[in-house]
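Down below is the structure, laid out as structure tokens.
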Amino acid sequence: MNNIGFRRTHMCAELNEANAGELVNLSGWVQRTRNLGSIIFVWLRDRTGLVQLVFDEKDCDKETFALGESLRGEYVLSVQGKVSLRDEAAVNEKLKTGRIEVFVRKAILLNKAETPPIYIDDDHPDESETVRMKYRYLDIRRPSVQRTLRMRHKILQTLRNYMDGQEFVEVETPILTKSTPEGARDFLVPSRLHHGTFYALPQSPQIYKQLLMLGGYDRYFQIARCFRDEDSRADRQPEFTQCDIEMSFVEPEDVQTVVEGAFEEVFRTVKGIELQLPLERITWQYAMDTYGSDKPDRRFGLTIHDVSDAVRGCGFSVFAGAVENGGTVRGINAKGLAAKISRKEIDALGEFVKTFKAKGLAWIKVQEGGAVQSPVAKFLSEAEMDKVLQALDAQPGDALFFVADKTSVVLQSLGALRLELAKKFDLIDKNKYDLFWVTEFPLLEYDEEEGRYVAMHHPFTSAMDEDVDKMETEPGKVRAKAYDLVLNGIEMGSGSIRIHSSEMQERMFKLIGLPHDVAWERFGFMLEAFKYGVPPHGGFAFGVDRLIMQLTGAQSLRDVLAFPKAANASCLMMETPSTVDPEQLKMCGIAVVDEEK
């Protein structure tokens with residue numbers, strides 16, 4: 001017998017009633033055992049699932065039966081046995097193979113295992129994530145993780161097949177590239193051959209894919225590994241995978257059609273869900289005014305309404321003053337929540353919005369019969385109160401919430417408040433997939449800390465044709481040919497039509513504070529390339545990890561990666577990042593500075 005045991009004829013969970021009477025060879029891990037004396041039941045697990053083995057003294061020799069008695073959880077086992085139908089009373093409907101079992105004739109123990117430090121099942125969801133990440137090689141044996149990683153494979157294969165069918169060419173771009181300090185922080189890689197210089201790991205293949213368009217490839221895509229040195233969150237990892245796309249001779253609609261077609265293919269293949277195309281498109285301004293977010297969750301109501309006109313010059317100075325000083329007053333109608341939300345909870349929501357720079361939260365409860373309960377009622381006349389109620393279409397039983405301040409603060413705080421209310425009162429339809437485009441983003445946003453405009457997406461994005469003349473005079477009002485794809489309040493990805501002339505690209509760099517010499521130092525190769533006939537082009541990139549997270553219902557990106565980093569960007573399993581041999585540092589001309597000195 002060779003060292004792999006009996007050569008497998010079937011996977012564990014592939015067996016069913018049709019295999020009854022067959023002699024089969026199986027291999028896998030022992031999930032659990034139950035010894036009844038003269039008969040031993042063993043659950044054998046492989047990547048397809050479980051099947052029950054039966055070691056019966058009457059059917060197998062003494063050596064095989066003794067082996068069955070010695071089995072423990074996670075032992076690696078190979079068996080040869082006969083498939084038999086279970087008695088009706090013994091059928092296990094919870095098990096895919098619950099109508100059959102395999103009576104073992106011979107068995108080979110391929111490897112023993114110590115008692116695992118974690119449970120290899122899905123029945124212990126509260127187990128410490130830290131321990132699971134440390135022993136990730138065991139954690140990925142769990143059925144739920146295996147299902148997720150198989151779904152990941154299927155999604156990537158579906159994307160590749162779709163893009164190939166759309167005549168895209170997959171091109172791999174470099175991992176060792178140039179640091180460009182616009183955007184998130186780069187991971188740096190020191191060069192041994194060129195002391196004092198560094199490569200950067202790519203945050204995206206952005207520049208390379210634009211150069212591929214210049215090179216005449218017309219339709220490019222890549223399942224690309226990308227890296228960003230930023231703080232981890234539930235939906236972020238320092239290294240991640242994105243589906244990267246670029247196309248020549250296109251307008252936004254052309255790119256969007258390809259991308260939503262890819263999502264339609266994935267949803268149909270993986271989830272059996274038919275998306276209705278084309279997807280809805282809303283402008284950035286509408287998203288902000290209505291939901292207080294450029295990636296709104298629209299699976300529930302609680303939309304934002306501008307009541308500035310209704311409270312202009314009213315008796316409540318907080319409202320009237322905000323409008324008079326160029327700000328705004330906006331509100332949310334929490335339909336039917338008046339009786340469900342307590343004063344204590346309202347006070348807590350007031351503190352919540354303060355974390356978004358709001359000065360406070362005004363509220364009104366509309367009682368049965370139309371009477372109102374509110375601290376601001378005494379400051380408003382009956383006519384003024386009626387205007388406010390009408391502006392929010394208030395009915396008995398509704399709870400109204402208001403913020404008065406400059407527009408950016410009002411929208412940000414109410415956008416967060418609507419999400420908080422939806423979670424608190426379970427208003428989100430978890431079975432719904434709301435996929436749509438947000439378009440016409442601002443080209444630039446003002447960075448208060450740096451005292452300059454920065455690119456909202458990236459500095460290679462084109463302005464909308466009708467707004468180009470405003471770039472120097474009214475930069476804050478320039479809209480971009482940029483578009484984001486949003487799924488259930490999560491940004492799936494971003495794209496834009498790119499700048500395709502050196503002159504316009506330098507103009508953009510100047511707007512964001514990069515003078516001519518600095519722009520050429522950082523991006524000279526690109527500006528030079530743009531002199532040689534660049535086609536109009538645009539593209540998109542979306543996070544594969546985030547998509548899988550949404551399709552599986554996972555709460556964290558860590559749940560959809562084989563070997564993820566922890567929240568502090570470390571790998572608990574391999575204990576990285578780690579120190580390296582001083583000789584390696586010396587070869588790269590690097591010295592580690594003690595921060596305490």
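All heavy atoms count here, side chains included; hydrogens, waters and symmetry mates do not.
Counting heavy-atom neighbours within 6.0 Å of Gln157 CD, excluding the residue itself, gives a total above 12. Atom OH of Tyr286 has 12 or fewer heavy atoms from other residues, nucleotides or ligands within 6.0 Å. Within a 6.0 Å sphere centred on CD of Gln276, heavy atoms belonging to other residues, nucleotides or ligands number 12 at most. Atom NZ of Lys271 is surrounded by more than 12 heavy atoms from other residues, nucleotides or ligands within 6.0 Å.
Within the 4.5 Å cutoff, side-chain heavy atoms of Leu511 are placed close to those of Met471. Using a 4.5 Å cut-off on side-chain heavy atoms (C-beta onward), Phe300 and Leu419 make contact. Inter-residue side-chain proximity for Val131 and Tyr135 is flagged as met; some heavy-atom pair is nearer than 4.5 Å. Side-chain contact between Leu361 and Lys354 is absent, with no heavy atoms from C-beta onward closer than 4.5 Å. Counting heavy atoms from C-beta outward, Thr328 and Lys406 have side chains that stay 4.5 Å or more apart.
Of all heavy-atom pairs spanning Phe227 and Phe240, the tightest one is N-CE2, 4.1 Å. Shortest non-hydrogen contact noted between Ile499 and Pro459 is CD1-O, 3.8 Å. When all heavy atoms of Ile364 and Leu389 are compared, the pair lying nearest together is CG2-CD2, 4.4 Å. Across every non-hydrogen atom of Ala562 and Ile140, the tightest pair is O-CG2, 3.6 Å. Shortest non-hydrogen contact noted between Asp306 and Val329 is OD1-O, 3.3 Å. Here the shortest heavy-atom pairing between Met133 and Pro564 reads SD-CG, 3.5 Å.
For the residue pair Asp297 and Asn488, no side-chain donor N or O sits within less than 3.5 Å of a side-chain acceptor on the partner. Judged purely by distance below 3.5 Å, without hydrogens or angles, the side chains of Thr303 and Thr290 never pair a donor atom with an acceptor atom. For Arg498 and Ser496, the side-chain atoms include at least one donor-acceptor pair closer than 3.5 Å. For the residue pair Gln203/Asp186, the side-chain donor-acceptor check at 3.5 Å is satisfied. A side-chain donor from one of Ser494 and Glu491 sits under 3.5 Å from a side-chain acceptor of the other. Of the N and O atoms on the side chains of Arg225 and Thr241, at least one donor lies less than 3.5 Å from an acceptor on the other residue. Side chains of Asp484 and His457: a donor on one and an acceptor on the other come within 3.5 Å. With hydrogens and angles left out, the side-chain atoms of Glu440 and Gln285 include no donor and acceptor closer than 3.5 Å.
A salt bridge between Arg479 and Glu466 is present, with a side-chain N of the basic residue lying under 4.0 Å from a carboxylate O of the acidic one. With respect to the salt-bridge test (charged N to carboxylate O, under 4.0 angstrom), the residues Asp434 and Arg299 do not qualify. Checked for salt-bridge contact, Asp139 and Arg136 meet the test: a charged N lies under 4.0 Å from a carboxylate O. Between Asp121 and Arg32 there is no salt bridge, since none of the side-chain N atoms of the basic residue sits less than 4.0 Å from a carboxylate O of the acidic one. Electrostatic pairing of Lys134 and Glu129 does not count as a salt bridge here, judged by no charged N lying under 4.0 Å from a carboxylate O. Between Arg268 and Glu265 a salt bridge is recorded (basic side-chain N to carboxylate O distance below 4.0 Å). Ion pairing between a basic and an acidic side chain is recognised when a charged N comes within 4.0 Å of a carboxylate O; Glu472 and Arg507 show such pairing. Taking 4.0 Å as the cut-off between side-chain N and carboxylate O, Lys340 and Glu345 do not count as a salt-bridged pair. The pair Asp447-Arg452 does not count as a salt bridge, with every side-chain nitrogen at least 4.0 angstrom from each carboxylate oxygen. Using a 4.0 Å cut-off between charged nitrogen and carboxylate oxygen, Asp545 and Arg152 count as a salt-bridge pair.
Using modelled atom types, one side-chain atom of Asp122 and one backbone atom of Ser144 make a donor-acceptor pair closer than 3.5 Å. Listed for the Asp254 side chain is a donor-acceptor partner under 3.5 Å among the backbone atoms of Glu251. Under the 3.5 Å distance criterion, the side-chain polar atoms of Ser374 are matched with a main-chain donor or acceptor of Trp363.
Evaluation of the side-chain contact (heavy atoms from CB on, under 4.5 Å) rule for Tyr453 yields Leu444, Tyr446, Pro475 as partners, not counting sequence neighbours.
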Side chain to side chain contact (heavy atoms under 4.5 Å, CB included) between Glu280 and Leu435: does it pass, once the steps are laid out? CA-CA 8 Å; Glu280 184 182 355; Leu435 188 67; over 6 Å; no
Show, in sequence, the C-alpha distance, side-chain angles and deciding distance for Lys387 and Glu384, and conclude whether the salt bridge (charged side-chain N to carboxylate O under 4.0 Å, His left out) test is met. CA-CA 5 Å; Lys387 280 185 179 181; Glu384 290 170 341; over 6 Å; no
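The aromatic rings of Trp284 and Phe441 lie tilted to each other, with the angle between the two planes from 30° to 60°.
Remark: Glu260 CD to Phe540 CZ distance equals 10.5 Å, nearest 0.5 Å.
Residue Phe263 is tested with Trp437, Tyr162, Phe542 for a ring-ring contact (aromatic ring centres under 6.0 Å, His included); the sole match is Phe542.
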